[in-house]
There are 2 protein chains.
Amino acid sequence: MSEFTTLDHENLSTAVYNALCDGLMQGRFQPGDRLKIRDLAEQFGTSVTPIRDAILRLAHDEAITFRSPRDIRIPQMREARYREIRAIRIRLEGLAAETAAHTATRTQIDLLENILRDNEKALAEGDRRKGSALNQSFHFMLPQIAGLPVLTGVLRRLWLQMGPLIADSYLQGGRTMIDYHYPVVEALKRHDGAGAAMAIIDDIQLGGQAVLANVLAHDGVAVNA
Amino acid sequence: MSEFTTLDHENLSTAVYNALCDGLMQGRFQPGDRLKIRDLAEQFGTSVTPIRDAILRLAHDEAITFRSPRDIRIPQMREARYREIRAIRIRLEGLAAETAAHTATRTQIDLLENILRDNEKALAEGDRRKGSALNQSFHFMLPQIAGLPVLTGVLRRLWLQMGPLIADSYLQGGRTMIDYHYPVVEALKRHDGAGAAMAIIDDIQLGGQAVLANVLAHDGVAVNA
DNA sequence: ACGCCACAGATGATGCATCATATTGCGCAT
DNA sequence: ATGCGCAATATGATGCATCATCTGTGGCGT
(Lines give C-alpha, C1' and ligand atoms only; values in the text may rest on other atoms or scores of the structure.)
Protein backbone atom coordinates (compact mmCIF):
# COMPACT_ATOMS: atom_id res chain seq x y z
CA MET A 1 0.00 0.00 0.00
CA SER A 2 2.08 2.89 -1.26
CA GLU A 3 1.24 6.55 -1.15
CA PHE A 4 -1.67 7.98 -3.06
CA THR A 5 -1.52 10.59 -5.75
CA THR A 6 -2.57 14.16 -5.23
CA LEU A 7 -6.15 14.90 -4.38
CA ASP A 8 -7.28 17.57 -6.73
CA HIS A 9 -10.21 19.93 -6.64
CA GLU A 10 -13.58 20.09 -5.00
CA ASN A 11 -14.23 18.26 -1.81
CA LEU A 12 -11.52 16.62 0.23
CA SER A 13 -13.76 13.88 1.59
CA THR A 14 -14.90 12.97 -1.90
CA ALA A 15 -11.38 13.08 -3.21
CA VAL A 16 -10.19 10.72 -0.50
CA TYR A 17 -13.18 8.48 -1.10
CA ASN A 18 -12.44 8.30 -4.79
CA ALA A 19 -8.79 7.63 -4.17
CA LEU A 20 -9.64 4.80 -1.81
CA CYS A 21 -12.17 3.42 -4.30
CA ASP A 22 -9.51 3.40 -6.97
CA GLY A 23 -7.13 1.70 -4.60
CA LEU A 24 -9.75 -0.91 -3.87
CA MET A 25 -10.57 -1.55 -7.52
CA GLN A 26 -6.92 -1.78 -8.42
CA GLY A 27 -6.26 -4.37 -5.81
CA ARG A 28 -4.01 -2.15 -3.74
CA PHE A 29 -5.70 -3.48 -0.64
CA GLN A 30 -5.84 -7.10 0.33
CA PRO A 31 -8.65 -8.68 2.31
CA GLY A 32 -7.74 -8.50 5.96
CA ASP A 33 -5.73 -5.31 5.58
CA ARG A 34 -6.35 -2.91 8.39
CA LEU A 35 -6.95 0.77 7.75
CA LYS A 36 -6.03 3.40 10.27
CA ILE A 37 -7.54 6.82 10.02
CA ARG A 38 -4.52 8.62 11.38
CA ASP A 39 -2.14 6.78 9.09
CA LEU A 40 -4.24 7.53 6.05
CA ALA A 41 -4.51 11.16 7.12
CA GLU A 42 -0.76 11.32 7.15
CA GLN A 43 -0.45 9.62 3.76
CA PHE A 44 -3.00 11.94 2.18
CA GLY A 45 -1.67 14.97 3.98
CA THR A 46 -5.03 15.96 5.40
CA SER A 47 -6.50 15.97 8.84
CA VAL A 48 -8.48 12.98 10.01
CA THR A 49 -11.86 14.50 9.23
CA PRO A 50 -11.94 13.96 5.46
CA ILE A 51 -10.46 10.50 5.93
CA ARG A 52 -13.10 9.67 8.44
CA ASP A 53 -15.82 10.86 6.07
CA ALA A 54 -14.43 8.70 3.31
CA ILE A 55 -14.06 5.66 5.55
CA LEU A 56 -17.62 6.06 6.73
CA ARG A 57 -18.86 6.16 3.17
CA LEU A 58 -16.87 3.10 2.24
CA ALA A 59 -18.19 1.29 5.29
CA HIS A 60 -21.69 2.31 4.26
CA ASP A 61 -20.97 0.72 0.88
CA GLU A 62 -19.77 -2.37 2.73
CA ALA A 63 -16.53 -2.07 0.84
CA ILE A 64 -14.80 -2.04 4.22
CA THR A 65 -16.09 -3.21 7.57
CA PHE A 66 -15.65 -2.40 11.22
CA ARG A 67 -14.61 -5.68 12.71
CA SER A 68 -14.72 -4.01 16.10
CA PRO A 69 -15.49 -0.38 16.89
CA ARG A 70 -11.87 0.45 16.32
CA ASP A 71 -10.71 -2.14 13.84
CA ILE A 72 -11.35 -1.13 10.24
CA ARG A 73 -10.60 -3.78 7.69
CA ILE A 74 -10.97 -4.91 4.11
CA PRO A 75 -13.46 -7.76 4.37
CA GLN A 76 -12.97 -11.19 2.94
CA MET A 77 -15.49 -12.03 0.24
CA ARG A 78 -17.44 -15.13 1.17
CA GLU A 79 -18.76 -17.57 -1.38
CA ALA A 80 -22.44 -16.98 -0.60
CA ARG A 81 -21.96 -13.25 -0.88
CA TYR A 82 -20.16 -13.55 -4.19
CA ARG A 83 -22.90 -15.76 -5.59
CA GLU A 84 -25.50 -13.26 -4.45
CA ILE A 85 -23.68 -10.35 -6.02
CA ARG A 86 -23.31 -12.37 -9.20
CA ALA A 87 -27.04 -13.09 -9.28
CA ILE A 88 -27.77 -9.40 -8.84
CA ARG A 89 -25.28 -8.43 -11.50
CA ILE A 90 -26.86 -10.88 -13.92
CA ARG A 91 -30.19 -9.17 -13.49
CA LEU A 92 -28.88 -5.65 -13.56
CA GLU A 93 -26.15 -5.85 -16.14
CA GLY A 94 -28.64 -7.83 -18.23
CA LEU A 95 -31.01 -4.90 -17.97
CA ALA A 96 -28.22 -2.51 -18.88
CA ALA A 97 -27.16 -4.52 -21.92
CA GLU A 98 -30.71 -4.99 -23.13
CA THR A 99 -31.46 -1.29 -22.87
CA ALA A 100 -28.11 -0.31 -24.34
CA ALA A 101 -28.79 -2.50 -27.38
CA HIS A 102 -31.80 -0.37 -28.16
CA THR A 103 -30.11 2.97 -27.68
CA ALA A 104 -26.48 2.47 -28.68
CA THR A 105 -25.16 4.83 -31.34
CA ARG A 106 -22.35 4.05 -33.72
CA THR A 107 -20.06 6.35 -31.74
CA GLN A 108 -20.76 4.52 -28.52
CA ILE A 109 -20.12 1.15 -30.11
CA ASP A 110 -16.84 2.50 -31.42
CA LEU A 111 -15.93 3.44 -27.88
CA LEU A 112 -16.64 -0.09 -26.73
CA GLU A 113 -14.50 -1.50 -29.51
CA ASN A 114 -11.69 0.83 -28.53
CA ILE A 115 -11.87 -0.51 -25.02
CA LEU A 116 -11.66 -4.05 -26.34
CA ARG A 117 -8.70 -3.16 -28.51
CA ASP A 118 -6.89 -1.55 -25.58
CA ASN A 119 -7.74 -4.53 -23.45
CA GLU A 120 -6.26 -6.91 -25.99
CA LYS A 121 -3.11 -4.86 -25.99
CA ALA A 122 -2.94 -4.79 -22.19
CA LEU A 123 -3.44 -8.55 -22.17
CA ALA A 124 -0.69 -9.05 -24.73
CA GLU A 125 1.63 -6.85 -22.72
CA GLY A 126 0.73 -8.61 -19.52
CA ASP A 127 -0.42 -5.37 -17.91
CA ARG A 128 -2.91 -6.81 -15.48
CA ARG A 129 -3.83 -3.65 -13.70
CA LYS A 130 -4.71 -1.94 -16.95
CA GLY A 131 -6.57 -5.00 -18.19
CA SER A 132 -8.62 -5.16 -15.06
CA ALA A 133 -9.43 -1.46 -15.31
CA LEU A 134 -10.48 -1.84 -18.94
CA ASN A 135 -12.64 -4.83 -18.11
CA GLN A 136 -14.39 -2.65 -15.59
CA SER A 137 -14.70 0.20 -18.08
CA PHE A 138 -16.38 -2.13 -20.53
CA HIS A 139 -18.98 -3.24 -18.02
CA PHE A 140 -19.72 0.31 -16.95
CA MET A 141 -20.12 1.52 -20.49
CA LEU A 142 -23.33 -0.48 -20.81
CA PRO A 143 -25.47 1.26 -18.18
CA GLN A 144 -23.97 4.52 -19.38
CA ILE A 145 -24.95 3.86 -22.98
CA ALA A 146 -28.34 2.78 -21.73
CA GLY A 147 -28.72 6.12 -19.98
CA LEU A 148 -29.38 4.56 -16.59
CA PRO A 149 -27.60 6.60 -13.92
CA VAL A 150 -29.21 4.93 -10.92
CA LEU A 151 -28.22 1.53 -12.23
CA THR A 152 -24.69 2.76 -12.71
CA GLY A 153 -24.57 3.76 -9.07
CA VAL A 154 -25.90 0.43 -7.85
CA LEU A 155 -23.42 -1.49 -9.96
CA ARG A 156 -20.57 0.74 -8.86
CA ARG A 157 -21.25 -0.22 -5.28
CA LEU A 158 -21.33 -3.90 -6.08
CA TRP A 159 -18.08 -3.70 -7.99
CA LEU A 160 -16.58 -1.82 -5.09
CA GLN A 161 -17.31 -4.74 -2.81
CA MET A 162 -15.73 -7.09 -5.30
CA GLY A 163 -12.81 -4.77 -5.90
CA PRO A 164 -9.98 -6.56 -4.14
CA LEU A 165 -11.27 -9.90 -5.37
CA ILE A 166 -11.65 -8.90 -9.02
CA ALA A 167 -8.26 -7.29 -9.20
CA ASP A 168 -6.75 -10.45 -7.79
CA SER A 169 -8.73 -12.80 -10.02
CA TYR A 170 -7.93 -10.99 -13.23
CA LEU A 171 -4.46 -12.40 -13.00
CA GLN A 172 -5.75 -15.92 -13.39
CA GLY A 173 -8.59 -15.04 -15.74
CA GLY A 174 -6.51 -14.66 -18.84
CA ARG A 175 -8.43 -14.45 -22.11
CA THR A 176 -11.69 -15.60 -20.55
CA MET A 177 -12.00 -12.14 -19.02
CA ILE A 178 -12.35 -10.60 -22.48
CA ASP A 179 -13.55 -13.30 -24.89
CA TYR A 180 -17.16 -12.97 -23.87
CA HIS A 181 -17.17 -9.24 -24.48
CA TYR A 182 -17.16 -9.60 -28.25
CA PRO A 183 -20.63 -11.17 -28.50
CA VAL A 184 -21.95 -8.28 -26.42
CA VAL A 185 -20.70 -5.76 -28.94
CA GLU A 186 -22.03 -7.85 -31.81
CA ALA A 187 -25.48 -7.94 -30.22
CA LEU A 188 -25.38 -4.19 -29.67
CA LYS A 189 -24.61 -3.68 -33.33
CA ARG A 190 -27.68 -5.75 -34.22
CA HIS A 191 -29.74 -3.82 -31.66
CA ASP A 192 -30.54 -7.23 -30.26
CA GLY A 193 -31.55 -6.58 -26.66
CA ALA A 194 -32.12 -10.17 -25.65
CA GLY A 195 -28.90 -11.23 -27.31
CA ALA A 196 -26.92 -8.52 -25.57
CA ALA A 197 -28.38 -9.50 -22.22
CA MET A 198 -27.54 -13.16 -22.79
CA ALA A 199 -24.04 -12.27 -23.90
CA ILE A 200 -23.27 -10.19 -20.83
CA ILE A 201 -24.75 -12.91 -18.62
CA ASP A 202 -22.42 -15.39 -20.28
CA ASP A 203 -19.55 -13.08 -19.52
CA ILE A 204 -20.52 -12.78 -15.88
CA GLN A 205 -20.98 -16.50 -15.44
CA LEU A 206 -18.35 -18.01 -17.69
CA GLY A 207 -15.79 -15.25 -17.74
CA GLY A 208 -16.24 -14.96 -14.00
CA GLN A 209 -15.37 -18.56 -13.31
CA ALA A 210 -11.86 -17.53 -12.41
CA VAL A 211 -13.30 -15.16 -9.84
CA LEU A 212 -15.46 -17.85 -8.34
CA ALA A 213 -12.50 -20.22 -8.20
CA ASN A 214 -10.59 -17.51 -6.41
CA VAL A 215 -13.36 -17.05 -3.88
CA LEU A 216 -13.57 -20.75 -3.26
CA ALA A 217 -9.84 -20.97 -2.78
CA HIS A 218 -9.90 -18.30 -0.10
CA ASP A 219 -13.26 -18.84 1.46
CA GLY A 220 -13.40 -22.61 1.68
CA VAL A 221 -11.97 -24.44 4.60
CA ALA A 222 -8.25 -24.03 4.21
CA VAL A 223 -7.75 -20.31 4.60
CA ASN A 224 -4.04 -19.80 4.58
CA ALA A 225 -2.10 -16.65 3.65
CA MET B 1 -40.81 18.34 10.45
CA SER B 2 -41.21 17.88 14.17
CA GLU B 3 -38.65 16.72 16.65
CA PHE B 4 -37.12 13.29 16.47
CA THR B 5 -37.24 10.62 19.11
CA THR B 6 -34.33 9.69 21.28
CA LEU B 7 -31.26 8.24 19.66
CA ASP B 8 -30.35 5.20 21.62
CA HIS B 9 -27.28 3.07 21.72
CA GLU B 10 -24.22 2.51 19.64
CA ASN B 11 -23.10 5.11 17.21
CA LEU B 12 -24.52 8.61 17.09
CA SER B 13 -23.95 9.05 13.38
CA THR B 14 -25.75 5.81 12.64
CA ALA B 15 -28.57 6.70 14.98
CA VAL B 16 -29.05 10.04 13.28
CA TYR B 17 -28.83 8.38 9.89
CA ASN B 18 -31.49 5.87 10.84
CA ALA B 19 -33.71 8.55 12.28
CA LEU B 20 -33.44 10.57 9.11
CA CYS B 21 -34.12 7.47 7.01
CA ASP B 22 -37.24 6.82 9.00
CA GLY B 23 -38.27 10.41 8.56
CA LEU B 24 -37.73 10.10 4.84
CA MET B 25 -39.67 6.85 4.54
CA GLN B 26 -42.51 8.21 6.61
CA GLY B 27 -42.89 11.22 4.42
CA ARG B 28 -41.82 13.66 7.10
CA PHE B 29 -39.78 15.49 4.52
CA GLN B 30 -41.18 16.97 1.37
CA PRO B 31 -39.23 17.34 -1.87
CA GLY B 32 -37.60 20.73 -1.88
CA ASP B 33 -37.25 20.87 1.92
CA ARG B 34 -33.94 22.26 2.97
CA LEU B 35 -31.87 20.62 5.68
CA LYS B 36 -29.52 22.59 7.86
CA ILE B 37 -26.85 20.78 9.77
CA ARG B 38 -26.88 23.18 12.68
CA ASP B 39 -30.66 23.07 13.01
CA LEU B 40 -30.70 19.29 12.96
CA ALA B 41 -27.90 19.21 15.51
CA GLU B 42 -30.05 21.29 17.77
CA GLN B 43 -33.11 19.10 17.23
CA PHE B 44 -31.15 15.93 17.90
CA GLY B 45 -29.25 17.47 20.75
CA THR B 46 -25.86 16.50 19.37
CA SER B 47 -23.01 18.46 17.89
CA VAL B 48 -22.83 18.95 14.16
CA THR B 49 -20.39 16.10 13.58
CA PRO B 50 -22.78 13.14 13.78
CA ILE B 51 -25.35 15.10 11.78
CA ARG B 52 -22.79 15.83 9.15
CA ASP B 53 -21.84 12.15 8.98
CA ALA B 54 -25.46 11.17 8.55
CA ILE B 55 -26.11 13.84 5.92
CA LEU B 56 -23.06 12.72 4.00
CA ARG B 57 -24.29 9.15 4.01
CA LEU B 58 -27.74 10.18 2.87
CA ALA B 59 -26.21 12.28 0.12
CA HIS B 60 -24.12 9.28 -0.89
CA ASP B 61 -27.37 7.32 -1.12
CA GLU B 62 -28.77 10.12 -3.25
CA ALA B 63 -31.63 10.38 -0.81
CA ILE B 64 -30.73 14.04 -0.42
CA THR B 65 -28.71 16.26 -2.71
CA PHE B 66 -26.44 19.26 -2.45
CA ARG B 67 -28.08 21.76 -4.74
CA SER B 68 -25.15 24.05 -4.09
CA PRO B 69 -22.19 23.46 -1.80
CA ARG B 70 -24.23 24.83 1.08
CA ASP B 71 -27.78 24.07 0.15
CA ILE B 72 -28.88 20.59 1.20
CA ARG B 73 -32.27 19.54 -0.04
CA ILE B 74 -34.71 16.70 -0.52
CA PRO B 75 -34.65 16.11 -4.27
CA GLN B 76 -37.68 15.97 -6.49
CA MET B 77 -38.15 12.57 -8.10
CA ARG B 78 -38.18 12.91 -11.86
CA GLU B 79 -40.17 10.66 -14.11
CA ALA B 80 -37.20 9.11 -15.88
CA ARG B 81 -35.58 8.34 -12.56
CA TYR B 82 -38.70 6.76 -11.18
CA ARG B 83 -39.07 4.57 -14.26
CA GLU B 84 -35.46 3.51 -13.95
CA ILE B 85 -35.83 2.64 -10.30
CA ARG B 86 -38.99 0.73 -11.12
CA ALA B 87 -37.19 -1.25 -13.81
CA ILE B 88 -34.43 -2.10 -11.36
CA ARG B 89 -36.90 -3.06 -8.67
CA ILE B 90 -38.70 -5.35 -11.10
CA ARG B 91 -35.48 -7.22 -11.71
CA LEU B 92 -34.35 -7.31 -8.12
CA GLU B 93 -37.57 -7.84 -6.25
CA GLY B 94 -38.39 -10.45 -8.87
CA LEU B 95 -35.17 -12.20 -7.94
CA ALA B 96 -36.02 -11.89 -4.26
CA ALA B 97 -39.51 -13.29 -4.72
CA GLU B 98 -38.32 -16.14 -6.90
CA THR B 99 -35.65 -17.16 -4.41
CA ALA B 100 -37.97 -16.68 -1.45
CA ALA B 101 -40.50 -19.02 -3.04
CA HIS B 102 -37.93 -21.78 -2.90
CA THR B 103 -36.82 -21.17 0.65
CA ALA B 104 -39.86 -19.84 2.50
CA THR B 105 -40.85 -21.74 5.61
CA ARG B 106 -44.34 -21.93 7.04
CA THR B 107 -43.33 -19.54 9.80
CA GLN B 108 -42.08 -16.96 7.36
CA ILE B 109 -45.24 -17.17 5.32
CA ASP B 110 -47.23 -16.68 8.50
CA LEU B 111 -45.24 -13.54 9.13
CA LEU B 112 -46.12 -12.25 5.68
CA GLU B 113 -49.78 -12.99 6.28
CA ASN B 114 -49.61 -11.14 9.57
CA ILE B 115 -48.27 -8.14 7.77
CA LEU B 116 -51.11 -8.32 5.28
CA ARG B 117 -53.62 -8.60 8.09
CA ASP B 118 -52.18 -5.59 9.89
CA ASN B 119 -52.12 -3.71 6.62
CA GLU B 120 -55.79 -4.43 6.01
CA LYS B 121 -56.53 -3.12 9.45
CA ALA B 122 -54.46 0.00 8.92
CA LEU B 123 -56.23 0.56 5.63
CA ALA B 124 -59.64 0.14 7.26
CA GLU B 125 -58.66 2.57 9.98
CA GLY B 126 -57.28 5.02 7.48
CA ASP B 127 -53.88 4.95 9.14
CA ARG B 128 -51.81 5.83 6.12
CA ARG B 129 -48.47 6.09 7.79
CA LYS B 130 -48.83 2.63 9.25
CA GLY B 131 -50.12 1.26 5.97
CA SER B 132 -47.17 2.67 4.11
CA ALA B 133 -44.76 1.22 6.64
CA LEU B 134 -46.40 -2.20 6.40
CA ASN B 135 -46.28 -2.10 2.63
CA GLN B 136 -42.59 -1.50 2.92
CA SER B 137 -42.23 -4.29 5.46
CA PHE B 138 -43.89 -6.69 3.09
CA HIS B 139 -41.53 -5.87 0.27
CA PHE B 140 -38.48 -6.19 2.48
CA MET B 141 -39.57 -9.52 3.87
CA LEU B 142 -38.94 -11.13 0.50
CA PRO B 143 -35.18 -10.60 0.22
CA GLN B 144 -34.94 -11.41 3.89
CA ILE B 145 -36.77 -14.72 3.45
CA ALA B 146 -34.62 -15.38 0.43
CA GLY B 147 -31.52 -14.88 2.58
CA LEU B 148 -30.09 -12.20 0.33
CA PRO B 149 -28.50 -9.50 2.49
CA VAL B 150 -26.75 -7.64 -0.32
CA LEU B 151 -29.99 -7.42 -2.23
CA THR B 152 -31.71 -6.09 0.85
CA GLY B 153 -29.16 -3.30 1.06
CA VAL B 154 -29.52 -2.37 -2.59
CA LEU B 155 -33.28 -2.27 -2.34
CA ARG B 156 -33.14 -0.28 0.87
CA ARG B 157 -31.22 2.43 -0.92
CA LEU B 158 -33.68 2.53 -3.78
CA TRP B 159 -36.61 2.76 -1.40
CA LEU B 160 -34.82 5.53 0.42
CA GLN B 161 -34.71 7.57 -2.75
CA MET B 162 -38.39 6.96 -3.27
CA GLY B 163 -39.21 7.59 0.37
CA PRO B 164 -40.93 10.98 0.24
CA LEU B 165 -42.70 9.97 -2.96
CA ILE B 166 -43.96 6.61 -1.72
CA ALA B 167 -45.25 8.00 1.54
CA ASP B 168 -47.11 10.66 -0.38
CA SER B 169 -48.49 8.26 -2.98
CA TYR B 170 -49.80 5.75 -0.52
CA LEU B 171 -52.57 8.18 0.28
CA GLN B 172 -53.96 7.89 -3.22
CA GLY B 173 -53.10 4.25 -3.70
CA GLY B 174 -55.91 2.82 -1.63
CA ARG B 175 -56.47 -0.92 -1.97
CA THR B 176 -54.25 -1.21 -5.02
CA MET B 177 -51.27 -0.90 -2.71
CA ILE B 178 -52.17 -4.19 -1.06
CA ASP B 179 -54.33 -6.22 -3.46
CA TYR B 180 -51.37 -7.48 -5.44
CA HIS B 181 -49.63 -8.77 -2.35
CA TYR B 182 -51.97 -11.72 -1.95
CA PRO B 183 -50.90 -13.51 -5.13
CA VAL B 184 -47.31 -13.20 -3.95
CA VAL B 185 -48.09 -15.06 -0.76
CA GLU B 186 -50.07 -17.67 -2.68
CA ALA B 187 -47.14 -18.29 -5.00
CA LEU B 188 -44.80 -18.58 -2.04
CA LYS B 189 -47.07 -21.21 -0.53
CA ARG B 190 -46.89 -23.19 -3.77
CA HIS B 191 -43.10 -22.68 -3.85
CA ASP B 192 -43.73 -21.29 -7.30
CA GLY B 193 -40.72 -19.12 -8.01
CA ALA B 194 -41.79 -17.84 -11.41
CA GLY B 195 -45.27 -17.15 -10.11
CA ALA B 196 -43.95 -15.24 -7.13
CA ALA B 197 -41.73 -13.14 -9.36
CA MET B 198 -44.59 -12.36 -11.70
CA ALA B 199 -46.83 -11.50 -8.78
CA ILE B 200 -44.40 -9.03 -7.24
CA ILE B 201 -43.77 -7.50 -10.66
CA ASP B 202 -47.50 -7.02 -11.02
CA ASP B 203 -47.51 -5.30 -7.67
CA ILE B 204 -44.70 -2.98 -8.64
CA GLN B 205 -46.24 -2.09 -11.97
CA LEU B 206 -49.96 -2.11 -11.28
CA GLY B 207 -49.99 -1.32 -7.58
CA GLY B 208 -47.43 1.34 -8.27
CA GLN B 209 -49.56 3.18 -10.80
CA ALA B 210 -50.59 5.63 -8.10
CA VAL B 211 -46.94 6.38 -7.50
CA LEU B 212 -46.29 6.97 -11.17
CA ALA B 213 -49.31 9.22 -11.38
CA ASN B 214 -47.92 11.14 -8.45
CA VAL B 215 -44.55 11.54 -10.13
CA LEU B 216 -46.13 12.71 -13.32
CA ALA B 217 -48.27 15.22 -11.47
CA HIS B 218 -45.22 16.78 -9.87
CA ASP B 219 -42.65 16.28 -12.56
CA GLY B 220 -42.72 17.07 -16.21
CA VAL B 221 -45.66 17.95 -18.33
CA ALA B 222 -49.07 16.87 -17.18
CA VAL B 223 -49.31 13.40 -18.58
CA ASN B 224 -52.21 11.28 -17.42
CA ALA B 225 -51.83 8.18 -15.31
C1' DA C 1 6.37 -20.42 36.52
C1' DC C 2 1.77 -19.05 35.49
C1' DG C 3 -2.03 -16.08 35.64
C1' DC C 4 -4.39 -11.86 36.73
C1' DC C 5 -4.57 -6.92 37.03
C1' DA C 6 -3.19 -2.30 36.03
C1' DC C 7 -1.30 1.15 33.40
C1' DA C 8 0.11 3.07 29.01
C1' DG C 9 -0.50 3.49 24.16
C1' DA C 10 -3.44 3.30 20.27
C1' DT C 11 -7.47 4.58 17.96
C1' DG C 12 -12.11 5.89 16.59
C1' DA C 13 -16.00 9.08 18.27
C1' DT C 14 -17.48 13.39 19.43
C1' DG C 15 -17.50 18.19 20.02
C1' DC C 16 -16.13 22.49 18.74
C1' DA C 17 -13.34 26.46 16.89
C1' DT C 18 -12.22 28.46 12.75
C1' DC C 19 -12.27 29.17 7.78
C1' DA C 20 -14.03 29.94 3.19
C1' DT C 21 -17.72 31.04 0.62
C1' DA C 22 -22.36 31.89 -0.76
C1' DT C 23 -26.42 34.42 0.06
C1' DT C 24 -28.92 38.24 1.47
C1' DG C 25 -30.08 42.71 2.57
C1' DC C 26 -29.10 47.41 3.07
C1' DG C 27 -27.21 51.64 1.48
C1' DC C 28 -25.43 54.60 -1.81
C1' DA C 29 -25.12 56.38 -6.33
C1' DT C 30 -27.23 57.40 -10.56
C1' DA D 1 -36.98 54.62 -7.95
C1' DT D 2 -33.76 51.21 -9.33
C1' DG D 3 -29.55 48.84 -9.75
C1' DC D 4 -24.99 47.81 -8.23
C1' DG D 5 -21.84 46.76 -4.60
C1' DC D 6 -20.27 45.94 -0.13
C1' DA D 7 -20.78 44.03 4.21
C1' DA D 8 -23.04 41.09 7.58
C1' DT D 9 -24.74 36.68 8.21
C1' DA D 10 -25.43 31.88 7.37
C1' DT D 11 -23.58 27.60 6.60
C1' DG D 12 -20.85 23.67 5.22
C1' DA D 13 -15.74 22.16 5.28
C1' DT D 14 -11.77 21.35 7.68
C1' DG D 15 -8.76 20.78 11.43
C1' DC D 16 -7.92 19.58 15.87
C1' DA D 17 -8.43 18.78 20.94
C1' DT D 18 -10.38 15.69 23.99
C1' DC D 19 -12.75 11.52 25.41
C1' DA D 20 -13.86 6.69 25.86
C1' DT D 21 -12.51 2.32 25.00
C1' DC D 22 -9.85 -1.48 23.48
C1' DT D 23 -5.35 -3.77 23.32
C1' DG D 24 -1.30 -5.36 24.79
C1' DT D 25 2.51 -5.63 27.88
C1' DG D 26 4.77 -5.85 32.09
C1' DG D 27 4.78 -6.46 36.88
C1' DC D 28 3.07 -8.47 40.96
C1' DG D 29 1.04 -12.10 43.53
C1' DT D 30 0.30 -16.86 44.31
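Here is the naming used below: chain letters follow the sequence lines, and residue numbers restart at 1 for every chain.
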- Item | Rounded interatomic separation in angstrom, taking CG from Asn11(B) and P from dT11(C) | 19 Å
- Message: Less than 6.0 angstrom from the centroid, inside 45 degrees of the normal: does Arg128(B) satisfy that with respect to the ring of Tyr170(B)?
- Response: no
- Does a nitrogen or oxygen in the side chain of Ser13(B) sit under 4.0 Å from OP1 or OP2 of dT14(C)? yes
- Residues forming a side-chain contact (heavy atoms from CB on, under 4.5 Å) with Ala80(B), sequence neighbours excluded: none
- Note on the structure: Which of dG12(D), dG12(C), dT14(C) is nearest the side chain of Arg38(A)? It is dG12(C)
- Item | Sidechain N-carboxylate O distance under 4.0 Å for Asp127(A), Arg129(A) | no
- Salt-bridge criterion met for Glu42(A) and Arg38(A) (N-O under 4.0 Å): no
- Measure from CG on Leu35(B) to C1' on dA10(D) and round the result to the nearest Å. 16 Å
- Item | Whole angstrom value for the distance that separates P of dC22(D) from CD1 of Ile72(A) | 15 Å
- Consider the side chain of Arg70(B), meaning its heavy atoms from C-beta on, and name the nucleotide among dT14(D), dG12(D), dC22(D) that approaches it most closely. dG12(D)
- Task: Measure from the side chain of Phe66(B), starting at C-beta and using heavy atoms only, and say which of dT14(D), dA13(D), dG15(C) lies closest.
- Result: dA13(D)
- Report the distance from atom CZ of Phe44(B) to atom C1' of dT14(C), rounded to the nearest whole Å. 16 Å
- Query: Within this structure, what is the CG-to-P distance between Asp71(B) and dA13(D), rounded to whole angstrom?
  - Reply: 12 Å
- Note on the structure: Here the distance between atom P of dG12(D) and atom CD1 of Ile64(B), to the nearest Å, is 10 Å
- Is a salt bridge present between Arg73(B) and Asp33(B), judged by a nitrogen-to-oxygen distance below 4.0 Å? no
- Value in whole Å for how far the P atom of dA10(D) lies from CZ of Arg34(B): 12 Å
- Quick one: Ile37(A) CD1 to dT14(D) P, roughly how many Å, whole number? 15 Å
- side chain to side chain donor-acceptor pair (under 3.5 Å) partners of Glu62(A), counting only residues at least two apart: Arg81(A)
- Task: Mind running a 4.0 Å heavy-atom check of residues 48-63 of chain A against DNA chain D and sending the residues that fall below it, in number order?
- Result: Thr49(A), Pro50(A)
- Query: Thinking salt bridges, do Arg28(A) and Asp22(A) make one under a 4.0 Å N-O criterion?
  - Reply: no
